[in-house]
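It should be emphasised that the depicted structure is a prediction, and the values quoted were computed from it without experimental measurement. Sequence lines set the chain letters: A, B, ... in the order given, protein chains first and strands last, and positions in each chain run from 1.
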Amino acid sequence: MSITPTEVMKIAHLARMSIHPDDVERYAQDLSGILDLVAHMNQIDVQGVEPMAHPLDMSQRLRADLVTEPNQRELLQRHAPAVENGLFLVPKVIE
Amino acid sequence: MQWETVIGLEIHAQLATKSKIFSGSSTAFGAEPNTQANVVDLGMPGSLPVLNAEAVRLAVTFGLAINAVVNRRSIFARKNYFYPDLPKGYQISQMDLPIVARGEVHVEMDDGTHKTVGLTRAHLEEDAGKSLHEDFHNMTGIDLNRAGTPLLEIVSDPDMRSAKEAVAYAKTIHSLVRYLGMCDGNMQEGSFRVDANVSVRPKGQAEFGTRAEVKNVNSFRFLERAINFEVERQIDVLEGGGTVVQETRLYDPDRDETRSMRSKEEAHDYRYFPDPDLLPVVLGEAFIESVRAGLPELPQQKKQRFVEHYALSAYDANLLTAERELADYFENALKVAGCEPKLAANWVMGEVSAALNKAGLDIAHSPVTANMLGGLLARIADNTLSGKLAKEVFEAMWAGEGDADAIIEKKGLKQITDEGAIAAIVDAALAQFPEQVAEFRSGKDKVFGFLVGQVMKAAKGKANPAQLNAVLKQRLES
Amino acid sequence: MSSLHCKSLTELRGMLDEKQISAQELAQHFIQRIQTLDGALNSFVSVTAEQALLSAQQADRRIAAGEVNALTGIPLAHKDIFCTQGIKTSCGSRMLDNFIAPYDATVVERLQQAGTVMLGKLNMDEFAMGSTSESSFYGATKNPWDTQAVPGGSSGGSAAAIAAGLTPVATGTDTGGSIRQPAAYCGITGLKPTYGRVSRFGMIAYASSLDQGGPMARSAEDCALLLNVMAGFDPRDSTSSEQASEDYSAQLNVDLTGLKIGLPREYFGAGLDAGVAQVIEAAIAEFRKLGAEVCEVSLPNSELAIPAYYVIAPAEASSNLSRFDGVRFGHRCDAPKDLTDLYERSRAEGFGDEVKRRIMIGTYALSSGYYDAYYLKAQRVRRLIADDFQRVLSEVDVIMGPVTPSVAPNLGESLKDPVAMYLSDIYTVPVNLAGLPAISIPVGFAQGRPVGLQVIGKAFAESRLLNIAHRFQQATDWHRQIPPAFK
């Protein structure tokens with residue numbers, strides 16, 4: 001299994017990480033190497049095996065519907081990259 | 001060519017919980033930006049979600065109310081995409097195993113015909129925050145107070161064939177979620193949001209056409225207009241030899257048109273997978289039965305009862321049960337008044353509704369409470385008030401002058417029903433018009449109307465009209 | 001006082017309670033060692049000397065008032081993956097170089113309430129992705145036994161600092177071996193508890209269904225004391241077990257006669273270094289002497305653990321790390337020209353190579369058309385691996401084997417080939433997939449570098465594992481060995 005440079009670009013965009021053009025080939029090789037490792041799973045037939053999402057055989061615990069959180073805006077925004085009037089700022093979003 | 005419209009709706013109902021679906025932050029509307037967003041809501045590193053029991057209960061309530069399949073085991077999944085109002089870079093939602101699966105919704109159209117709309121699923125998920133585009137010199141401001149508010153996404157099958165059907169279905173769900181106390185249904189504040197998947201196909205064709213998803217519709221009126229615009233647009237495209245593109249379109253109420261959303265142009269690959277921070281939600285039979293036992297009377301049951309028990313017409317019953325608060329108002333007023341149900345129904349749908357409309361208020365905020373209306377209706381029923389005086393009293397109650405009895409007392413509006421008193425008024429009035437009395441007696445029937453008018457005038461509208469009439473006739477004919 | 005840093009927690013407790021030393025003096029001693037010795041190791045990302053002395057003062061007051069528990073006044077350090085309020089929590093990444101955590105992780109909070117004195121935050125592989133601690137934005141940590149060698153990872157800072165006597169105990173996290181493997185490479189003891197035993201709240205997630213925090217110390221006895229405070233139900237973590245935690249010190253001395261040990265054939269195969277094999281066999285022989293019965297067992301799907309892990313862990317990571325987007329916290333690129341640029345550059349600049357590789361492989365494995373072939377398949381393999389353990393652990397009490405196929409490699413060696421580095425976790429990863437507890441204990445040296453023995457137990461058998469390790473440590477002194485340069 002190998003990943004092409006075009007696929008690397010596509011994946012990188014899905015993951016929102018820019019990649020320098022010089023590095024694309026290296027990523028393609030690295031990722032292909034990992035997929036070769038992963039391909040060992042194909043040695044066995046796992047048809048009918050129940051997928052295991054979690055090691056714990058437990059069910060979700062429910063929380064009582066109570067407001068427990070005070071306003072902590074000042075603390076939580078203290079180290080934010082860009083804030084104005086209590087809002088986090090990002091470059092203009094066009095809908 | 002004859003075209004057929006195909007519509008499916010995705011309704012997002014914000015659940016009426018106090019705290020968020022995965023954190024203890026408040027869900028109250030209208031707070032200062034980011035003052036109701038804690039470490040979990042902001043997606044801070046290391047923070048983890050814990051599920052709100054009330055959100056689960058409300059979702060199950062909905063499933064049971066429409067007799068849908070309530071999954072005893074459901075799974076939360078992550079829907080991955082980047083957007084500034086989505087703090088974690090994924091939305092916690094449900095994919096393969098939603099909490100509510102297949103069901104059916106029975107919809108009554110305005111013309112009394114019925115329609116069954118299939119329910120694909122209803123699943124729990126978290127709401128995103130809000131992007132504010134104004135006033136930030138080419139920047140967008142992000143408020144995450146809404147992030148993490150619980151939503152029930154109610155997905156219908158593509159069963160509707162006109163904008164009217166879509167609106168009737170949406171109204172049915174709207175009424176239902178409010179009956180169940182699940183959602184406040186406020187479309188302006190976005191607590192009840194309707195997205196329409198709209199496509200057209202040549203009549204008779206089995207396959208669906210390519211659909212567009214229409215968003216940003218914040219009233220039922222706009223829903224109808226947005227769908228109609230979109231249908232026309234798609235037909236124009238197809239008849240012009242073009243093809244409809246699968247896309248998300250935004251409804252612009254000012255221009256009454258839909259336009260393509262640029263931010264959603266890109267094809268998405270949401271990479272759903274089970275959220276490893278949350279475990280399967282397992283519901284026991286005892287829990288489900290306790291929710292079932294707590295179900296309130298639903299709109300259709302209530303309507304039927306109104307027809308059977310109060311002998312109201314289907315039309316009246318329909319109007320009165322459209323909202324639970326209105327139905328409760330009617331029943332409370334009726335209980336206090338002890339009058340004919342039809343009289344109470346007429347007042348609730350007539351004077352009360354008109355006054356509320358004029359003032360732009362909803363029934364919960366009516367200055368005339370159900371008790372007050374009941375007091376008024378009682379005075380009509382026992383003949384204390386004529387219809388005309390009753391309206392005067394209602395206006396005074398609306399203006400805050402007190403309850404019906406107090407106003408009647410203060411204004412001296414009590415209807416005169418004493419035979420002797422009425423006879424005295426009639427006699428005094430007739431004494432002033434001996435000529436006309438003589439004319440009547442000589443056979444000029446026409447003058448009767450004049451005499452009635454004079455007697456009424458003398459009674460200042462307070463005398464019981466039927467008694468007044470009877471006494472007048474008796475005096476003239478004797 | 002020269003050997004203060006070699007003492008056990010019990011010995012330190014005694015000295016504190018007998019007023020032979022104050023908590024402040026003790027903290028000062030370790031801070032001084034960090035300041036003079038850590039230059040050669042780079043095991044700390046942050047040293048919180050001022051706060052440490054303040055906490056030590058408070059601890060001294062508690063000690064004076066007689067309000068003491070086992071950890072009051074005991075210095076420790078946290079892996080920099082645990083959020084510490086008001087203190088930089090970097091996760092070894094440029095992405096969080098400016099991140100001052102606004103809250104404490106549950107583990108941090110509990111240890112603080114117990115009166116421990118935090119010395120600082122420990123270096124690690126970036127976002128816990130790595131087996132060498134070389135991928136940290138703050139530079140590689142070195143192995144105190146040989147500064148040419150890696151300390152292992154991702155909790156390499158924790159292991160190196162303990163081995164060098166810069167802190168008596170530390171916290172670590174283990175997703176595919178990140179506590180056990182550095183413990184083995186540095187010759188200390190490290191316990192990965194059962195999944196759900198220690199709260200993950202405030203522990204920056206790498207792979208949520210595998211991550212588990214745990215204690216690292218010189219001895220099993222000290223690990224037990226730390227686990228006593230770390231473990232337990234946390235309502236803020238949905239995956240936290242409601243099963244009551246125990247007094248993990250209570251069973252330490254239980255006799256091992258009749259203990260059934262299974263040695264998995266697959267853990268002693270061709271990939272195992274001969275020197276390491278010899279040391280492990282000697283350790284097993286020691287257990288025989290302690291009364292244990294040894295038999296061979298088989299975990300036939302072990303080979304598939306690494307392939308399944310390198311789908312599941314990156315898939316979860318790719319989603320877990322989406323929150324690092326330059327909007328609310330962490331690194332933001334300069335002058336983004338639009339939203340996409342903000343995301344793509346902030347993330348490209350904030351993450352290092354290994355993190356990017358794993359985000360990309362995970363994104364790929366979850367993407368449309370590949371989900372069934374990768375993610376779902378890996379989850380099925382995961383089930384087979386868990387079933388193997390369950391079957392074997394119904395026949396024996398514990399499974400023993402090496403922690404790693406070889407001793408610590410030299411710095412730089414693993415960077416050349418990521419896949420080769422992944423394969424070095426072959427004995428540790430299956431345990432995470434199954435969610436079981438396992439302990440790494442020092443049992444000797446090969447090529448002059450430490451070797452660790454792994455003991456794997458049934459779910460929630462932490463007490464048993466600590467008991468087994470402690471009895472071994474009562475009979476041997478491998479855990480008392482100090483790297484010559486740090487005596």
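Environment of CE in A/M9: sparse, with no more than 12 heavy atoms of neighbouring residues, nucleotides or ligands closer than 6.0 Å. Counting heavy-atom neighbours within 6.0 Å of A/D22 CG, excluding the residue itself, gives a total above 12.
How far OG1 of B/T140 is from CG of A/L89: 8.5 Å, rounded to the nearest 0.5 Å. Rounded to the nearest 0.5 Å, atoms CD1 (B/I75) and CD (A/Q60) are 10.5 Å apart. Here CZ of B/F82 is found 10.0 Å from NE2 of A/H13. Values are rounded to the nearest 0.5 Å. Taking NE2 of B/H133 as the reference point, atom NZ of A/K92 lies at 7.0 Å (rounded to 0.5 Å). Interatomic distance, CD of B/E32 versus CG of A/N85, reported as 9.0 Å (0.5 Å rounding). Between the CZ atom of A/F88 and the CG atom of B/L144 there is a distance of 6.0 Å, given to the nearest 0.5 Å.
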Could you list the donor-acceptor pairs under 3.5 angstrom formed by side chains in residues 54-63 of chain B, with sequence neighbours left out?
| from | atom 1 | to | atom 2 | distance (Å) |
| --- | --- | --- | --- | --- |
| B/E54 | OE1 | B/R57 | NE | 3.1 |
| B/E54 | OE2 | B/R57 | NH2 | 2.9 |
| B/T61 | OG1 | B/R57 | O | 2.7 |

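Within the 4.5 Å cutoff, the side chain of B/Q36 has no heavy atoms near those of the A/N71 side chain. The shortest distance between side-chain heavy atoms of B/N52 and A/L62 does not fall below 4.5 Å. Inter-residue side-chain proximity for A/V93 and B/P84 is flagged as met; some heavy-atom pair is nearer than 4.5 Å.
Chain A forms the most heavy-atom pairs under 4.5 Å with one residue out of B/V282, B/N38, B/D143, and that residue is B/N38. Counting heavy-atom pairs closer than 4.5 Å to chain B, the top residue among A/R73, A/Q72, A/R63, A/E69 is A/R63.
Using a 4.5 Å cut-off between non-hydrogen atoms, the part of residues 47-55 of chain A that approaches chain B consists of A/H54. Contacts from residues 21-29 of chain B to chain A, taken as heavy-atom pairs separated by less than 4.5 Å, involve B/I21, B/F22, B/S23, B/G24, B/S25, B/S26 in sequence order.
For chain B, the nearby part of A/L66 is the backbone; its heavy atoms alone come within less than 4.5 Å. Contact of B/L42 with chain A is made through the side chain alone, with heavy-atom distances under 4.5 Å. For a residue to count as touching a neighbouring chain, one of its non-hydrogen atoms must lie under 4.5 Å from one of that chain's; by this rule A/E74 does not touch chain B. Both the backbone and the side chain of B/V39 come within contact range of chain A, judged by heavy atoms closer than 4.5 Å.
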*With side-chain hydrogen bond (donor to acceptor under 3.5 Å, both in side chains) as the test, would you mind laying out the steps for A/D65 and B/T17 before giving the verdict?*
CA-CA 7 Å; A/D65 181 26; B/T17 56; 4.5 Å; no
_Stepwise side-chain contact (heavy atoms from CB on, under 4.5 Å) test for B/I142 and A/L87_ = CA-CA 5 Å; B/I142 307 295; A/L87 295 158; 5.8 Å; no
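With sequence neighbours excluded, no residue satisfies side-chain contact (heavy atoms from CB on, under 4.5 Å) with A/K10.
Checking B/R73 against A/S59 by side-chain atom types alone, no donor-acceptor pair falls below 3.5 Å.
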